[in-house]
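To start, the structure itself, in structure tokens.
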Amino acid sequence: MGGLSPASGGRLRVGIFSLTSDAGCQLEFLNLADDLLALVRAVDIVHFPMARTFNQNGPFDIAFVDGVPARPDELALLQEVRRSTKVLAALGSCSSFGGVPAAQHFHDLGDLKKYVYRGMEDLDTLEVFPISRYVRVDLQLRGCPASKWEIMETVTALIAGRLPQLKAYPQCVDCKILENRCLLLEGLPCLGPITRAGCGVVCPSVGVPCDGCRGPTEEPNLTSAIEILTRGTTYPDLIRKFQKFCSLAPEYQEMFDRWRGLV
Amino acid sequence: MKIKLEHVTRIEGHASLTVMLTEGKVHSVRLKYEEGARLFEGLLRGRNFFDAPTIASRICGVCPSVHNITAIKAMEQALGVSVDPVTDKLRRLMILAQWIQSHTLHAFFLALPDYLGAESAISMASEHPDEVEVALALKKLGNDMVFVVGGRAVHPITTRVGGFSHLPPVTRLADLRHRLEEALPPAMRLARLTGELDMPDFSRKTTYLALVDPDEYAYYTGEVCSSEGYCSTPDDFCSTLREVVRPDSTAKAGLHEGRGFFTGALARINLSHELLTGGAGSILRDSPHSFPNYNTFLNTFCQTVELVHAMTESVRLIDELLAGDLVTKTPEIAVRAGSGVAATEAPRGTLYHAYTLDDEGLIVDDNIITPTAQNLTNLEDDIDLFVEQRHDWEAARLIEGIERLVRSYDPCVSCATH
């Protein structure tokens, strides 16, 4: 089987698109270092305004979308990219789950704007949602930032004509493989058991509890997790932890609703 | 007639230029930062003091470590926490590493294609393979330094209020030292080359602001000083700096004493160039440019000089760290109400974080002032003068020149619109 058949008949056409974000995920492409040279030898990165002067329009075989559509023109761009792309990948936890900015849903948006812009409320700004609210998303490369390994795996797999092997199991599996000491046993609030693996368990490996930046694993047992986690932290602090990176993940909404009922 | 250039390319984030033409000639150009509001300062309210550094890091993917460490320093001030010298040295190393990574990204990947007639660093790889290889190695080195000390290249993990949760192994630091020494000669060569590039003839004296420390080329300590003789603590400076809110923009614009000012590598070099160490000082002196200098386009060259300085300083810091015991004492943190303001030199200029905490350690008020927002007024003034001086140029050539001018500021739109 050949790979994704290129739109232009030659090499795969790849676009890297930037919506409102910290640009850290698209920067990971430039951080690929040696792999970056390998990547540009294998595919044509025809759209990447952060690095290129001349940026082509579609069709694209693969589009990586970094960030959230926080303005009407960004939403129009996202929809245009979807129309002209075969495989659209959400790059990072902002595009996958709304990221850090999605915590705005725990506040009154008008109050937030007034606080930050000293009374000015009429900003041309959309509420923050994952890109899947607006367009079909084929792949999620989660994390804050997205994993370089998953970026390379995605491109490699699509060239080869297979699905990228993105891990769906929890962080704990990889943590055990690395023989890390378990932070839960030390009473630390580690979200590892309910967070999707794939980052190389970078935080627990240096003694820092997982912050859940890659979002929930498949079918997380939240009830049980909350019971264990609140042994090491207070319930309000645990909720604040879940609010950090992936607060719009559908799996978390029941927990947040219950929390809203309490406060 | 009005034309809009939707995307100033090769910068961090999304900026546009609106160009007003009369009979084919440009008479004014307007720059706009085009990203939505992420409202970080609002989102930080109600959070724990210990969460601010991790969240603030997400303001910017290019300089996350500097946001992270500046937030930590402000929190430690608010809580009256002091840290040991090893902790300070490791934090300094992370800021220098961020300079190495960010300056390499901007000078060689984003700005240099302008002066070598290339479309991008990727297309430079065929004609200038050696230079691109050096630039990639330097970028990797900066990233690896943050990784070794901070646990991850983009968005550090090990840093926290009071110290570090994990210390780098001695062998990894020694390895970084070795790589820094090896990379220094090629980095110096690239810096010299950048100094010899033909830069646009443009000069506009403005106010230059940076941290200044009599003992060193400042980046982690010091007072905020200006080229006009103003000097104050970061705390007092924050109360005199005005961030103007504009009805059509998610980016604020900085004013000091009613005027625009410049912060960044050119300001630091203008104020502290005598304190550059190692080969950095000689690269500056041997270049065809004299300092203080008022040509904003030279900011890119200044970044390459600082790259060399940061590498030399990093070697010195690692030597100091390796000469003693690599252990830190984590201070007891007594949660209390209080306020703290901290400033550091981010790659793009002075960065301020200010927090007020309640007696449970929750943030009740905060303010984050980024270099790109501070520089906006000055950049607009530069654009106006650049256009005025070149009103007889072809529109396309003039717009390209303005794009280069914008790029020379190394603007970070994510930071500006946080």
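Reminder, nothing fancy here: chain letters follow the sequence lines and each chain counts from 1.
Heavy atoms of other residues, nucleotides or ligands lying less than 6.0 angstrom from CD of A:E186 number more than 12. Around atom CZ of B:R246, more than 12 heavy atoms belonging to other residues, nucleotides or ligands sit under 6.0 Å away. Residue-environment remark: CG (A:N57) stays at or below the threshold of 12 foreign heavy atoms within 6.0 Å. Heavy-atom neighbours of B:R172 CZ from other residues, nucleotides or ligands within 6.0 Å: at or below the threshold of 12.
In this structure, the portion of B:I59 lying under 4.5 Å from any heavy atom of chain A is its backbone and not its side chain. Only the side chain of A:L37 comes within less than 4.5 Å of a heavy atom in chain B; its backbone stays farther off. Contact of A:D111 with chain B is not made at all, since no heavy-atom distance falls under 4.5 Å. When heavy atoms are compared at a cutoff of 4.5 Å, B:E243 approaches chain A by way of both its backbone and its side chain. With a 4.5 angstrom heavy-atom cutoff, B:L141 does not touch chain A via any of its atoms. Heavy atoms of B:Q101 lying under 4.5 Å from chain A belong exclusively to its side chain. Only the side chain of A:F245 has a heavy atom closer than 4.5 Å to any heavy atom of chain B. The parts of B:A37 that come within reach of chain A are both its backbone and its side chain, each placing non-hydrogen atoms under 4.5 angstrom from that chain. Both the backbone and the side chain of B:R10 come within contact range of chain A, each with at least one heavy atom under 4.5 Å from a heavy atom of that chain. Interface remark: A:L126 contributes no atoms to any contact with chain B (heavy atom separation under 4.5 Å). Looking at B:S249, only its backbone comes within 4.5 Å of chain A, counting heavy atoms on both sides. Neither the backbone nor the side chain of A:D66 comes within less than 4.5 Å of any heavy atom in chain B. In this structure, no portion of A:K114 lies under 4.5 Å from any heavy atom of chain B. Proximity to chain A is absent for every atom of B:L167, based on heavy atoms less than 4.5 angstrom apart. For B:F147, no part lies under 4.5 angstrom from a heavy atom of chain A. Heavy atoms of B:I11 lying under 4.5 Å from chain A belong exclusively to its backbone. Within the 4.5 angstrom heavy-atom criterion, atoms from both the backbone and the side chain of A:Q243 approach chain B. Proximity to chain B involves both the backbone and the side chain of A:V202, based on heavy atoms less than 4.5 angstrom apart. Contact annotation for B:N367: neither backbone nor side-chain heavy atoms come within less than 4.5 Å of a heavy atom of chain A.
At a threshold of 4.5 Å between non-hydrogen side-chain atoms, the residues A:L27 and B:L105 count as touching. A:K244 is listed as a side-chain neighbour of B:R47, based on a closest heavy-atom distance under 4.5 Å. No side-chain heavy atom of A:N55 sits under 4.5 Å from any side-chain heavy atom of B:H7. Contact annotation: the side chain of B:V154 approaches that of A:E28 to within less than 4.5 Å [non-hydrogen atoms, C-beta and beyond]. Taking 4.5 Å as the limit, every side-chain heavy atom of A:L77 sits out of range of all side-chain heavy atoms of B:H14. Counting heavy atoms from C-beta outward, A:F106 and B:L43 have side chains that stay 4.5 Å or more apart.
By number of non-hydrogen pairs under 4.5 angstrom with chain B, the leading residue of A:A103, A:P69, A:A51, A:A70 is A:A51. The choice from B:T9, B:T158, B:V245, B:I55 that makes the most heavy-atom pairs within less than 4.5 Å of chain A is B:T9. Of the residues considered (B:E41, B:E12, B:R45), B:R45 shows the highest number of contacts with chain A, using heavy-atom pairs under 4.5 Å. Per-residue heavy-atom pair counts under 4.5 Å with chain A were compared for B:G61, B:G42, B:A121, and the maximum is reached by B:G61. Ranked by non-hydrogen atom pairs under 4.5 Å with chain A, the options B:K140, B:E6, B:K139 are led by B:K139. Listed options B:D366, B:V413, B:D114 were ranked by heavy-atom pairs under 4.5 angstrom with chain A; first place goes to B:D366. With respect to chain B, the highest number of heavy-atom pairs below 4.5 Å among A:T125, A:V206, A:L112 belongs to A:V206. No other option in A:P49, A:G207, A:S18, A:C25 has as many heavy-atom pairs under 4.5 Å with chain B as A:P49.
For A:R240 (side chain) and B:G46 (main-chain N/O), a donor-acceptor pair under 3.5 Å exists by modelled atom type. Using a distance-only test at 3.5 Å, with no hydrogens or angles considered, a donor-acceptor pair links the side chain of A:T20 to the main chain of B:G36. For the pair A:Y117 (side chain) and B:T250 (backbone), a donor-acceptor distance under 3.5 Å is present. In this structure, the side chain of B:S414 engages the main chain of A:S21 through a donor-acceptor pair within 3.5 Å. Using modelled atom types, one side-chain atom of A:T53 and one backbone atom of B:E119 make a donor-acceptor pair closer than 3.5 Å. Using a distance-only test at 3.5 Å, with no hydrogens or angles considered, a donor-acceptor pair links the side chain of B:R58 to the main chain of A:C144.
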Q: Decide side-chain contact (heavy atoms from CB on, under 4.5 Å) for B:R38 and A:Q104; before the verdict, give the C-alpha distance in whole Å, the side-chain angles of both, and the deciding distance to 0.1 Å.
A: CA-CA 8 Å; B:R38 288 180 295 155; A:Q104 62 176 227; over 6 Å; no
Q: Let me see the working for B:F50 and A:D237 under side-chain contact (heavy atoms from CB on, under 4.5 Å), right down to the final yes or no.
A: CA-CA 11 Å; B:F50 53 78; A:D237 280 355; 4.2 Å; yes
(Q) Pair A:D34, B:E133 - check side-chain contact (heavy atoms from CB on, under 4.5 Å), show working. (A) CA-CA 9 Å; A:D34 301 339; B:E133 199 177 309; over 6 Å; no
Q.
Applying side-chain contact (heavy atoms from CB on, under 4.5 Å) to B:R160 and A:V208, what does each step give before you reach the verdict?
A. CA-CA 10 Å; B:R160 64 178 174 190; A:V208 174; over 6 Å; no
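Atoms CG and NZ, from B:N48 and A:K241 in turn, are 10.5 Å apart once rounded to the nearest 0.5 Å. Rounded to the nearest 0.5 Å, atoms CG (A:L123) and CG (B:L39) are 7.5 Å apart. The structure places CG of A:L30 at 7.5 Å from CG of B:L110, a figure rounded to the nearest 0.5 Å.
Salt bridge status for A:R71 with B:E35: absent, with no side-chain N to carboxylate O gap under 4.0 Å.
Defined by atom type and a distance below 3.5 Å, a donor-acceptor pair is missing between the side-chain atoms of A:D22 and B:H418.
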